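Computed from a predicted model, the values in this text were never measured in an experiment.
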Amino acid sequence: MENKPSERFIVSVKVGPKGQITIPKEAREMFDIQEGETLMVMGDKQRGIAILKADAFYKLAEGQMK
């Protein structure tokens, strides 16, 4: 039986003393997040936190400006 990568996952992370978290390997691989890459963290008190790769964020923002 072939082991296909999932399109979804759930994993817990702990916040360290400096407020840092480790992005799980599954997420880094799924979204091709490389060491040194810039990520954007967005928050909304009602909807929660989202983390986006900076290039994806800029494309989204550019689309909103048109």
Just verifying a value: how many Å separate [X] [atom1] and [Y] [atom2], rounded to the nearest 0.5 Å?
X     : Y     : atom1 : atom2 : answer
Glu62 : Phe57 : CD    : CZ    : 12.0 Å
Tyr58 : Met40 : OH    : CE    : 4.5 Å
Arg28 : Glu35 : CZ    : CD    : 9.5 Å

Checklist line | Heavy-atom pair of closest approach, residues Pro24 and Val11 | finding: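 In this case the closest contact between Pro24 and Val11 is CG-CG1, 3.2 Å.
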Item checked: Over all atoms of both residues, closest heavy-atom pair of Ile21 and Ile51 ->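 So the two residues come closest at CD1-CD1, 4.5 Å.
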Notebook entry, point to check: Short question: side chain of Glu37, backbone of Gln34 - any donor-acceptor pair under 3.5 Å?
Noted result: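 Yes: the side chain of Glu37 pairs with the backbone of Gln34.
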Next item on the list: Please answer whether the main-chain N or O of Phe31 pairs with a side-chain N or O of Lys53 as donor and acceptor at a distance below 3.5 Å.
Entry: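 Such a contact is found between Lys53 side chain and Phe31 backbone.
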Notebook entry, point to check: Hey, mind stepping through Leu39 and Leu52 against side-chain contact (heavy atoms from CB on, under 4.5 Å) and telling me if it holds?
Noted result: CA-CA 6 Å; Leu39 303 176; Leu52 292 159; over 6 Å; no
Check: Do the side chains of Met30 and Ile49 join up, straight or via other hydrophobic residues, at under 4.5 Å, putting them in one cluster?
Finding: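 Yes, because Met30 and Ile49 connect within a single hydrophobic cluster, where side-chain heavy atoms sit under 4.5 Å apart.
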